[in-house]
**Q** 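The following block contains the structure, expressed as structure tokens.
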Amino acid sequence: MEMRELLRECKTLVGPFPEFHPQDTPKYPVDLFIEWLQNAIQNGVPEPHAMILATADCNGYPDSRVLILKDIDQDGWYFASSSLSVKGMQIQGNPRVALTFYWPSIGRQIRIRGVAEKMSEEQSAQDFLDRGTIARAVALIGKQSTILESLLTFDEAVMEQIANIEEKPDQVYELWTLYRVAATEVEFWQADRERKHIRLKYRLKKEKWTKNLLWA
């Protein structure tokens, strides 16, 4: 079977999907996001807090990767990384970013556009200390995205940093940064098995949120 045929054989939007009534949605997009996230968790969606972070480099080329949502409140969506990582450097040069959540089993996607802002050193430090031991050890190596000679070298560096953490459990990686994405646009997409999808977009205009349906 040719690849094109193989791809066309893959099933999409199987359902069943939850109902979505856009006329009953809240005033603020963060409230609807929390409602949808809770629904995803209740429906057993794997890793519902996984999201795609999209940035752009100094030449304008887009870049993306999957991260974990750390928190959400009325001020925005939170994630963390080293400020000297590729994404950290790209955000430093251009803080305009996009986030995407996709939960195929319930046919829901959420797209967020906004500006990434650094949180305080205290908040960043607390986020770092909340991470697991191995996650902290990997960050403390401080070589993210640089060339790795071998997996053995990686394992040795991790073990060295684990020993370092055991000796200094409150040690914080000074470049670890908690970011908040202050949204300017949030779009909610509800799939329909007959492809009559529902799209609802919130836009921030003059510090007030407006919302409109969009053609699918």
Side-chain angles (χ1 to χ4, degrees), residues 28-30 33-34 37 41 47-102 110-148 153-187 202 204 207:
Y28 300 106
V30 66
F33 178 89
I34 291 173
L37 178 60
I41 294 171
E47 300 184 8
H49 55 338
M51 63 183 188
I52 296 173
L53 166 68
T55 54
D57 66 17
C58 60
N59 295 312
Y61 282 93
D63 203 354
S64 64
R65 73 289 288 164
V66 178
L67 295 178
I68 294 298
L69 177 68
K70 293 298 190 74
D71 197 3
I72 178 174
D73 58 26
Q74 292 295 330
D75 294 319
W77 287 254
Y78 296 78
F79 66 92
S81 178
S82 165
S83 60
L84 282 185
S85 65
V86 172
K87 53 185 167 294
M89 295 298 291
Q90 290 173 349
I91 291 171
Q92 182 68 29
N94 179 2
R96 297 178 182 87
V97 302
L99 306 175
T100 303
F101 294 82
Y102 180 47
I110 304 171
R111 300 168 58 204
I112 301 160
R113 301 177 75 194
V115 176
E117 309 165 324
K118 288 184 177 182
M119 296 293 96
S120 68
E121 292 183 3
E122 292 76 16
Q123 290 171 295
S124 297
Q126 187 59 58
D127 179 85
F128 184 81
L129 293 173
D130 287 342
R131 292 166 63 82
T133 300
I134 295 179
R136 280 184 284 158
V138 171
L140 283 167
I141 295 171
K143 295 184 178 181
Q144 184 178 0
S145 298
T146 61
I147 294 176
L148 173 65
T153 302
F154 182 39
D155 289 339
E156 290 174 346
V158 171
M159 294 305 297
E160 180 180 345
Q161 292 301 331
I162 289 176
N164 182 20
I165 291 171
E166 290 175 349
E167 183 179 345
K168 304 174 184 177
D170 294 330
Q171 181 178 5
V172 173
Y173 180 42
E174 61 182 6
L175 297 176
W176 193 254
T177 305
L178 182 67
Y179 295 91
R180 178 179 65 207
V181 177
T184 56
E185 296 181 1
V186 184
E187 181 185 319
Y202 286 78
L204 186 63
E207 300 183 354

**Q** Verify side chain to side chain contact (heavy atoms under 4.5 Å, CB included) between L129 and W176, making sure each step is shown before the conclusion.
**A** CA-CA 10 Å; L129 293 173; W176 193 254; over 6 Å; no
**Q** Please find the pair of heavy atoms, one from S81 and one from S85, that lie closest to each other, and give the distance.
**A**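 The pair with the smallest heavy-atom distance is OG-OG, 3.0 Å.
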**Q** Are there over 12 heavy-atom neighbours, none belonging to Q74, within less than 6.0 Å of that residue's CD?
**A**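 Buried by this count: over 12 neighbours within 6.0 Å.
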**Q** With rounding to the nearest 0.5 angstrom, report the CZ to CG distance, F128 to D170.
**A** 11.0 Å
**Q** State whether a side-chain donor-acceptor pair under 3.5 Å links N164 with Q161.
**A** yes
**Q** Is it true that atom CD of Q171 has more than 12 heavy atoms of other residues, nucleotides or ligands lying nearer than 6.0 Å?
**A**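 It does: Q171 CD has more than 12 such atoms within range.
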**Q** Check whether the side chains of Q123 and D127 place a donor and an acceptor atom closer than 3.5 Å, and report yes or no.
**A** no
**Q** Do other residues, nucleotides or ligands put more than 12 heavy atoms under 6.0 Å from I68 CD1?
**A** yes
**Q** Only one of M119, E117, K118 passes side chain to side chain contact (heavy atoms under 4.5 Å, CB included) with L178; say which it is.
**A** M119
**Q** Side chain to side chain contact (heavy atoms under 4.5 Å, CB included) for T55 and R65? Distances and angles first, verdict last.
**A** CA-CA 9 Å; T55 54; R65 73 289 288 164; 3.0 Å; yes
**Q** What I'd like to find out is whether the side chain of F79 reaches to under 4.5 Å of the side chain of V181, using heavy atoms alone.
**A** yes
**Q** Start with the C-alpha distance between L84 and M89, add both sets of side-chain angles, then the distance that settles side chain to side chain contact (heavy atoms under 4.5 Å, CB included), and finish with yes or no.
**A** CA-CA 6 Å; L84 282 185; M89 295 298 291; 3.6 Å; yes
**Q** I need the K168 NZ to I165 CD1 distance, nearest 0.5 Å.
**A**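 Rounded to the nearest 0.5 Å, the NZ-CD1 separation comes to 11.5 Å.
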**Q** Kindly compute the distance separating CD (E174) from OG (S83), expressed to the nearest 0.5 Å.
**A**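 Reported value, rounded in 0.5 Å steps: 8.5 Å.
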**Q** I want to check something: taking the side chain as every heavy atom from C-beta on, are K70 and D130 in contact at a cut-off of under 4.5 Å?
**A**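 No, too far: nothing below the 4.5 Å cut-off.
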**Q** Go through it in stages, so that I can follow the logic: the residues are R136 and Y173, the test is side chain to side chain contact (heavy atoms under 4.5 Å, CB included), and I'd like the CA-CA distance, side-chain angles, deciding distance and then a yes or no.
**A** CA-CA 8 Å; R136 280 184 284 158; Y173 180 42; over 6 Å; no
**Q** Quick check: do V186 and W77 have side-chain heavy atoms less than 4.5 Å from each other?
**A** yes
**Q** Which pair of heavy atoms, one from F101 and one from I112, lies closest together, and at what distance?
**A** CE1-CD1, 3.9 Å
**Q** Would a distance-only check, ignoring hydrogens and angles, find a side-chain to backbone donor-acceptor pair under 3.5 Å from N59 to Y61?
**A** no
**Q** Could you tell me the separation between the OG1 atom of T184 and the CZ atom of R113, rounded to the nearest 0.5 Å?
**A** 6.5 Å
**Q** To the closest 0.5 Å, what do you measure between CG (L53) and CG (L69)?
**A** 11.5 Å
**Q** To the nearest 0.5 Å, what is the distance between CG on L148 and CD1 on I141?
**A**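 Taking CG in L148 and CD1 in I141, the distance rounds to 9.0 Å.
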**Q** Answer yes or no: is there a side-chain heavy-atom contact under 4.5 Å between V30 and D73?
**A** no
**Q** I'd like to know whether CZ of R111 has more than 12 heavy-atom contacts from other residues, nucleotides or ligands below 6.0 angstrom.
**A**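 Atom CZ in R111 is not crowded, with 12 or fewer foreign heavy atoms closer than 6.0 Å.
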**Q** Check L204 against A183 and note the closest heavy-atom contact, atom names and distance.
**A** CD2-O, 3.8 Å
**Q** I need the minimum non-hydrogen distance between D75 and R180, along with the two atoms involved.
**A** O-CD, 3.5 Å
